[in-house]
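Remember, it's 1-based here, ligands and their atoms both numbered in the order they're listed. Since the structure is predicted, the reported quantities are computational estimates derived from the model, not experimental observations.
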Amino acid sequence: MTDAILVINAGSSSLKFAIYPDAVGPPVAILRGKIAGIGSAPVFTVKNGAGRALPQDDFPQLEKSIGLNDLVPILLDWIKAHSEGITITAAGHRVVHGGPHRDGPARVTQALLADLEALVPLAPMHQPHNLAAIRCVAATAPDLAQVACFDTSFHRTQNRLGQIFALPRKLTDEGILRYGFHGLSYEYIASILPQYLGHMATGRVIVAHLGNGASMCAMKNLRSVATSMGFTALDGLMMGRRCGTLDPGVVLFLMQHKGLTAQEIETLLYEQSGLFGVSGVSNDMVVLEASDDACAKEAIELFCYRAARELAALATDMGGVDAIVFTAGIGENSARVRRMICERLEWLGVDLDLAANELGASRIASEASSVDILVIATNEEAVIASATRSLTQKL
Ligand code: AMP
């Protein structure tokens, strides 16, 4: 029997899972899968560790309206039936918000759940689903140890100026702070960066996590110095459907002069903006890159323009930049986006090797570039698996 760790990343409409051996060494998944379309038309897919799709015909037919509470027991049953020789010993969860002080993962207890519940208003689109998954696992497998890994934790090394807004002090004291997100992705990149950069990994590095959600993190000594996301995961870069940095006056105008409710504005800023809103075509970069539509082209240009500005601002936090890392769906796969961002940063000494960039090489700076440029696939699940293993290990 091999002991294994179940990693769960539960969102509003999808649940991603992976199984990692509970063993020493870099975590390599045995199985990974996804239930997409929760709440509309759920679809289950699963791949083995090598990325080969596995048959899933024996996964029960799912009702369209099935929710997370009913899905988790079905999934756990399926995993049990399909993991011959494997015993799941612990579950690790991605939890978006850990609050102002939590700087690492934590074992799940009733007290922790109550603390995390209180943070729901700070991450209303993600936190409730993350916590619901933990509760469902606890209800289905009460003896399974569970660990929560937070997207905010990595940024707790930032100095105070990076974390506060220019708001009345009372609000800062109440926790209206720049928390930052995507920390599990940055932690993974920080863990693997020495393999690419040797001792230079401790220099001034900016990681661009460009996916459907997008942010950047300035790192020195492999720790977060500053980041583009703030109080919520809305701030900073333009994203697939989220607007990124926005003049707060726009929100006031929408309320006072266009009569939009808070709920309508939330939907507008989280769901109808970003690449989707500007293009009017799609939130998906693959679709936009293939489109001849002028608005799709403008959406890509705005995405890159805003990314370059944010990167330059983060370089100011560190007094320069020695290396840039592109990661996540767009960062790892779009040569066009990487080129358009780097072109705007030539004044910083950034010079792309165009051929290496097109080929999708992992090092894409030219010989003349004074800034190293890397493309590294992120792996948030591996970070969760490692953290879960170390917090649940019987010594
Ligand atoms: P993620 O949220 O990290 O899964 O990233 C999703 C984003 O990556 C979507 O906008 C995808 O269109 C984009 N993406 C994935 N593959 C490619 C590709 N080959 N070229 C451009 N964008 C891509």
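For atom 4 (O) of ligand 1, the nearest protein heavy atom lies 4.0 Å or farther away.
Atoms of ligand 1 found under 4.0 Å from any heavy atom of Gly211 (numbered from 1 in listed order, with element): 1 (P), 2 (O), 3 (O), 5 (O). Every atom of ligand 1 is numbered from 1 in the order shown, and the set under 4.0 Å from a heavy atom of Ser334 is 21 (C).
Protein heavy atom in closest approach to atom 10 (O) of ligand 1: Met285 N, 3.0 Å. The shortest contact between atom 15 (C) of ligand 1 and any protein heavy atom is with Gly329 O, 3.7 Å. Scanning the protein heavy atoms around atom 23 (C) of ligand 1, the nearest turns out to be Val286 CG2, 3.4 Å. Of the protein's heavy atoms, Asp284 OD1, 2.3 Å lies nearest to atom 12 (O) of ligand 1. The shortest contact between atom 20 (N) of ligand 1 and any protein heavy atom is with Asn333 O, 3.7 Å. If you check which protein heavy atom lies closest to atom 2 (O) of ligand 1, you get Asn212 N, 2.9 Å.
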Lys16 and Glu380: salt bridge (charged side-chain N to carboxylate O under 4.0 Å, His left out), yes or no, with the steps? CA-CA 11 Å; Lys16 293 184 203 146; Glu380 289 144 314; over 6 Å; no
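Checking only distances, Leu210 never comes within under 3.5 Å of ligand 1, N or O to N or O. The shortest N or O to N or O distance between Ala328 and ligand 1 is not below 3.5 Å. Where the criterion is an N or O separation shorter than 3.5 Å, residue side chain and backbone included, Ile330 meets it with respect to ligand 1.
Salt bridge absent: Glu289 and Arg336 never bring a charged side-chain N and a carboxylate O closer than 4.0 Å. A salt bridge is defined here as a Lys NZ or Arg NE, NH1 or NH2 lying under 4.0 Å from an Asp or Glu carboxylate O, and Glu310 with Arg306 fails to meet this definition.
Not a single donor-acceptor pair under 3.5 Å links the side chain of Thr87 to the backbone N or O of Thr89.
Residues Arg338 and Asn357 have side chains that bring a donor and an acceptor to within less than 3.5 angstrom of each other. Between the side chains of Ser12 and His129, no donor N or O sits under 3.5 Å from an acceptor N or O.
Within a 6.0 Å sphere centred on CD of Glu174, other residues, nucleotides and ligands contribute more than 12 heavy atoms.
To the nearest 0.5 Å, atoms CG (Leu237) and CD1 (Ile330) are separated by 10.0 Å. The structure places CG of Asp351 at 6.0 Å from CD of Glu346, a figure rounded to the nearest 0.5 Å.
Between Asn283 and ligand 1 there is a heavy-atom distance shorter than 4.0 Å.
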